[in-house]
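Data first, discussion second: the structure below is written as structure tokens.
All residue numbers refer to positions in the sequence shown, counting from 1.
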Amino acid sequence: MASTKLGALGVLLCVLAVSAEVKPQDNFNLQKLEGKWYLVGFASNADWFVSRKAKMTMGTTILTPQPSGDLQMDYSNLRSDGTCWKMSHLAQKSDIPGKFVYQNQRYGTDNDMRVVDVKYDEYCLMYSFKTKEGSSYILNQMYSRTQKPSQEVLKKFTKFSLDQGILPENIAILPKICPEITGEK
């Protein structure tokens with residue numbers, strides 16, 4: 001029993017050390033992040049992700065900078081039954097540009113989110129360290145301004161996720177959603 005607890009503590013300390021090393025992009029510009037993005041990649045070491053990743057599809061996110069420096073994030077996705085799933089968060093700025101914190105009321109997590117790599121007219125790579133009831137996990141998301149990100153962008157996302165200790169089978173490039181819904185072909 002004691003060795004199991006020590007092992008779990010060791011894993012947690014490793015995850016915390018990795019989180020501390022992930023820095024937001026230099027010269028981060030919140031205003032340039034504004035607008036519509038497609039969630040094209042999702043990677044996590046969370047237990048729940050393995051059972052759900054096969055059902056995940058590309059969704060849209062509207063990012064809206066607030067006058068306070070916070071970031072409003074509005075997500076939407078089409079479910080397989082044709083209904084729309086929506087979720088919103090107000091990520092509060094920190095003293096480090098590109099680093100935000102927020103609570104997800106729906107899932108009960110505290111989130112430390114960082115914009116680690118962004119080319120404002122093409123892609124945005126976000127890293128989140130999530131904690132809930134004493135456990136923690138990493139969630140990486142790759143956003144694109146289009147539904148067809150370049151292979152270079154997808155490789156960047158995959159490499160970053162692997163570097164964070166996420167297993168290859170826990171990295172998902174999300175299938176495109178219907179063009180009728182987004183107006184994009």
dist Leu154:CG -> Lys148:NZ (nearest 0.5 Å) comes out at 13.5 Å
Nearest heavy-atom neighbours spanning Met58 and Lys176: CE-CA, 3.6 Å
Residue Gln31 excluded, over 12 heavy atoms near CD under 6.0 Å: yes
Using the six-membered ring wherever Trp is involved, compare the ring planes of Phe42 and Trp48 and label them parallel, tilted or perpendicular (cut-offs 30° and 60°). perpendicular
With a 4.5 Å limit on heavy-atom distance, are the side chains of Leu71 and Thr64 in contact? no
Between OG1 of Thr146 and OH of Tyr38, what distance do you get to the nearest 0.5 Å? 8.0 Å
Judged by modelled atom types alone, do Gln72 and Asp74 share a side-chain donor-acceptor pair under 3.5 Å? yes
Side-chain contact, heavy-atom cut-off 4.5 Å: Leu162 with Pro168? yes
Approximate separation, where rounding is to 0.5 Å, of Ile166 CD1 and Asn45 CG: 5.5 Å
Could you go through the side chain to side chain contact (heavy atoms under 4.5 Å, CB included) check for Thr57 and Leu174 one step at a time? CA-CA 5 Å; Thr57 59; Leu174 303 175; 5.7 Å; no
If you define the side chain from C-beta out and look only at heavy atoms, does anything of Lys93 sit under 4.5 Å from Phe100? yes
Euclidean distance, Leu125 CG relative to Ser161 OG, rounded to 0.5 Å: 7.0 Å
Contact between Phe49 and Met56 at the side-chain level, heavy atoms closer than 4.5 Å - yes or no? yes
Verdict with reasoning, Tyr102 to Asp70, per side chain to side chain contact (heavy atoms under 4.5 Å, CB included): CA-CA 10 Å; Tyr102 65 95; Asp70 295 343; over 6 Å; no
Is there a side-chain contact between Tyr143 and Val40 (heavy atoms, below 4.5 Å)? no
Give, for atom OG of Ser94 and atom CZ of Arg114, the distance between the pair rounded to the nearest 0.5 Å. 8.0 Å
Here the gap from Glu34 atom CD to Tyr120 atom OH, rounded to the nearest 0.5 Å, amounts to 13.0 Å
Within a reach of under 6.0 Å around CG of Asp121, are more than 12 heavy atoms found that belong to other residues, nucleotides or ligands? yes
Close side-chain approach of Ser144 to Val153, heavy-atom, < 4.5 Å: no
How close do Val115 and Cys124 get, heavy atom to heavy atom, and via which atoms? CG1-SG, 3.8 Å
Quick check: do Met73 and Met113 have side-chain heavy atoms less than 4.5 Å from each other? yes
Where is the tightest heavy-atom contact between Leu33 and Phe28, given as atom of each residue plus distance? CD2-CZ, 3.9 Å
Residue pairs involving residues 51-88 (criterion ring-ring contact (aromatic ring centres under 6.0 Å, His included); sequence neighbours excluded): Tyr75-His89
Just do the side-chain hydrogen bond (donor to acceptor under 3.5 Å, both in side chains) check on Asn170 and Ser44 with the steps written out, would you? CA-CA 6 Å; Asn170 291 346; Ser44 182; over 6 Å; no
When hydrophobic residues are tied together by side-chain contacts of less than 4.5 Å, even through go-betweens, does Met142 share a cluster with Tyr137? yes
Pairs where residues 149-162 contributes a residue and the test salt bridge (Lys or Arg N to Asp or Glu O under 4.0 Å) is met, not counting sequence neighbours: Asp117-Lys156, Lys159-Asp163
Can you name the residues that form a salt bridge (Lys or Arg N to Asp or Glu O under 4.0 Å) with Lys130, not counting sequence neighbours? none
For a 4.5 angstrom cut-off between non-hydrogen side-chain atoms, does Gln164 reach Tyr127? yes
